[in-house]
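All values reported here derive from a predicted model rather than from experimental measurement. Whatever order the structure lists them in is the order used to number ligands and atoms, beginning at 1.
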Amino acid sequence: MTASHSAAPRPHQALPGKPLAGKASVPGDKSISHRALIFGALAVGETRVSGLLEGEDVLRTAAAMRAMGAEAERLPDGSWRVRGVGVGGFAEPADVLDMGNAGTGARLVMGLVASHAMTAIFTGDASLRRRPMGRVIEPLSLMGARFIGRSGGRLPLAVVGAQQPLPISYTLPVASAQVKSALLLAGLNAPGITSVIEPEPTRDHTENLLRHFGAKVEVHDDERGRVITLAGQPELRPADIDVPGDPSSAAFPLVAALIVPGSEITITGVGMNPLRTGLFDTLLDMGADLTFSNRREQGGEPVADITARHSRLKGITVPPERAPSMIDEYPILFVAAACAEGKTIVRGAKELRVKESDRLAAMARALAANGVALEELEDGLIITGNGQAPQGSALVGGASVATELDHRIAMSALVLGLAAKNGVAVDDVGMIDTSFPGFVALIQGLGGNLTPKTA
Ligand code: S3P
């Protein structure tokens, strides 16, 4: 598999043009897609996955599952068939596991390896090799795994899985669904009860899928927060999964419609798990005209069709406790804030500094270069919006944004360009394929003026 972000950069630009209009759907949820492949690989027998996100991040997880002995293949109808090896049945990978750009894939698969008597070596692209792995190394070491990594626990690193993994009880020091999931996946192959306590609830797709595949998992709230307990060494049965559309991807066209005058679009089949929908709550607080219709269930998750119409947004203070439910959506929220009337204050979002890029610094640079007044804080941004004149945003734009191997910085900058007088350019769109293959075509299909940029 060749990562397109290692190919020649493909600069693009977005310019203001006609209103966005129409209906579209976005690719499958990235978090659920990684987990669908992993749980399929852990079950004995055959799991069918429909709507899988075929982005590079998820394809890396599929490759890792194959390298560890499972079968994972795309069928002619576009669905995926996974044949699992059973809990405890993974084989040692014969080569380095290159997880590309994917923090989720890397940390979850490290959890699997940690409780198997095997050694696996992980690496990734320049972005992933910068990201901290200490947050999984520490608890997985308590379960008996050993790690040899670069300074700061960075990739490439070798995981020597425990011969006899110990179940642990662990309180998450940072709100992280990846760390929670790595521990629960490791706990599957440990005897006894593994428990994870999260002071702030994070996305619960792992818990939902554990149940879906027949594990014994219980969740309750007490004075410490949310407590998840898992009984180890279950036999997981195959269970089909229909992956809903990714709310984190839907966020980009929806915000584009909110800030481009005259727009009205609908994105169908968007996942509405309440631990993922903080951005929609925030946009509603800012006065966004968003409507949710056709609410239903898909693959055990709530979904809805979401319609966004151009809105005169106002700046607000975003509740910091909302951070885990909108952690991936801050870059695009900052774009909405740049087009709102007045100040938007974001605090409690320090985790953004260790995503695919330092998203606070990257978005501060991108917005400032395009004429947005802001202040960068250690844990957030204060953005003074340019407001919406009747003919559109008063945003100047005109600058090119360095995307730093970060798909969400690239998409946010391009959405900003649709509402800025002189547009906005990005140095590359290749890495958008990690999470949202077809993003450029989708925006073009809705009428957005987004094109390759020639020198
Ligand atoms: C994810 C958890 C979040 C999120 C990431 C996906 C997951 O990361 O940012 O895009 O699927 O568990 P953290 O666990 O680092 O908060």
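Applying the 4.0 Å criterion to heavy atoms of Lys355 picks out, from ligand 1, the atoms 3 (C), 4 (C), 8 (O), 9 (O), 13 (P), 15 (O), 16 (O). Of all atoms in ligand 1, listed by their number and element, those nearer than 4.0 Å to a heavy atom of Thr104 are 1 (C), 5 (C), 6 (C), 7 (C), 11 (O). With ligand atoms numbered from 1 in the order given, ligand 1 contributes 13 (P), 14 (O), 15 (O), 16 (O) to contacts under 4.0 Å with heavy atoms of Ser176. For ligand 1, the atoms sitting less than 4.0 Å from at least one non-hydrogen atom of Ile327 are 9 (O), numbered in the order shown with element in parentheses.
Side-chain atoms of Thr104 and His34 form no donor-acceptor pair, as typed in the model, at a separation below 3.5 Å. With hydrogens and angles left out, the side-chain atoms of Thr434 and Glu56 include no donor and acceptor closer than 3.5 Å.
Sequence neighbours left out, the pairs with a member in residues 96-124 that pass salt bridge (Lys or Arg N to Asp or Glu O under 4.0 Å) are Arg60-Asp98.
For the ligand labelled ligand 1, residue Lys180 lies outside the 4.0 Å heavy-atom shell.
The aromatic rings of Phe252 and Phe439 sit perpendicular to each other, their planes meeting at more than 60°, with 30° as the lower class boundary.
Judged as a side-chain hydrogen bond (donor to acceptor under 3.5 Å, both in side chains), and not counting sequence neighbours, the contacts of Ser50 are Asp242.
Nearest to atom 10 (O) of ligand 1 among the protein's heavy atoms is Asp328 OD2, 2.7 Å.
On a distance-only criterion, Ser31 and ligand 1 share at least one N/O pair closer than 3.5 Å. Of the polar atoms of Gln178, at least one N or O is found under 3.5 Å from an N or O of ligand 1, judged by distance alone.
Salt bridge present: Arg276 and Asp246 bring a charged side-chain N and a carboxylate O closer than 4.0 Å.
The number of heavy atoms from other shown groups lying within 6.0 Å of CZ (Arg150) is above 12.
Under 4.0 angstrom from ligand 1, the non-hydrogen atoms of Arg35 all belong to its side chain.
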